[in-house]
Amino acid sequence: QVQLVESGGGLVQAGASLRLSCAASGRTFSNYAMAWFRQAPGKEREFVAAISRGAFMTYYSDSVKGRFTVSRDNAKNTLYLQMNSLKSEDTAVYYCAAGSGSSSFKGPDEYAYWGQGTQVTVSS
């Protein structure tokens, strides 16, 4: 089992920045690929960003590429999402997830463990 707890969400104005964190406990953090997903009201959960076990590879959705940066600190068992130039359409609950990273890294089904989520609200 891996327990994941997100933090860092909040209410910001468009153009601002936020950094989300995801603290992991339980099994060895470095054994898992990690990802961020988000879900806006009335919409399906969507992929945001992912990072491989050793942080050698990162993946982003087209909607956040160039604005968001995913990173991890395996010594601290923590995943991060630096979000810059936030837009109103980034408003959602953001979830971190841990999985095997054996496929595309972008499908929710690839991740077995999920956090409870943290709300990000961007006002225009």
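- Looking only at atom types and distance, the side chain of S63 has a donor-acceptor partner in the side chain of S61 under 3.5 Å away.
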message = Working note: L4 + Q116, criterion side-chain contact (heavy atoms from CB on, under 4.5 Å); need CA distance, chi angles, decisive distance, verdict.
response = CA-CA 8 Å; L4 303 171; Q116 299 280 40; over 6 Å; no
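- Formation of a donor-acceptor pair under 3.5 Å by the R67 side chain with backbone atoms of S85 is found in this model.
- For residues 36-69, the ring-ring contact (aromatic ring centres under 6.0 Å, His included) pairs, not counting sequence neighbours, are F37-F47, F37-Y111, F37-W114, Y59-F105.
- Look at K65 and D62 and you find a salt bridge, because one of the NZ, NE, NH1 or NH2 atoms lies within 4.0 Å of a carboxylate O, short of that distance.
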inquiry  = With side-chain contact (heavy atoms from CB on, under 4.5 Å) as the criterion, how do R38 and E46 come out once you've worked through the C-alpha distance, each side chain's angles and the decisive distance to 0.1 Å?
reply    = CA-CA 5 Å; R38 67 187 182 187; E46 66 170 347; 2.6 Å; yes
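- The closest side-chain donor-acceptor pair between E110 and S104 falls under 3.5 angstrom.
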request  = For E6 and Y95, run side-chain contact (heavy atoms from CB on, under 4.5 Å): C-alpha distance rounded to whole Å, both residues' side-chain angles, the deciding distance at 0.1 Å, then the answer.
outcome  = CA-CA 7 Å; E6 302 95 336; Y95 300 90; 4.0 Å; yes
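- Checking side-chain atoms of N74 against main-chain N and O of R53 turns up a donor-acceptor pair under 3.5 Å.
- The salt bridge (Lys or Arg N to Asp or Glu O under 4.0 Å) search around R72 returns none, not counting sequence neighbours.
- In terms of heavy atoms, V48 sits closest to V64 at O-CG2, 3.5 Å.
- Among all heavy-atom pairs drawn from I51 and S71, the shortest one is CD1-CA, 3.7 Å.
- Counting heavy atoms from C-beta on, the side chains of V120 and L20 come closer than 4.5 Å.
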Side-chain donor-acceptor contacts of residues 75-83 below 3.5 Å, not counting sequence neighbours, with atom names and distances?
unit_1 : atom_1 : unit_2 : atom_2 : d
T78    : OG1    : K76    : O      : 2.8
Q82    : NE2    : N84    : OD1    : 2.9

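- Between the side chain of T121 and the backbone N or O of L11 there is no donor-acceptor pair closer than 3.5 Å.
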ask   = Is there a side chain to side chain donor-acceptor pair (under 3.5 Å) between E89 and T91 once you walk through the steps?
value = CA-CA 5 Å; E89 50 263 46; T91 295; over 6 Å; no
task = Show the numbers, then the answer: is there a side-chain contact (heavy atoms from CB on, under 4.5 Å) between Y113 and Q3?
result = CA-CA 7 Å; Y113 304 103; Q3 292 78 42; over 6 Å; no
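- What you find for S88 and S124 is that their closest heavy atoms are CB-CB, 4.2 Å.
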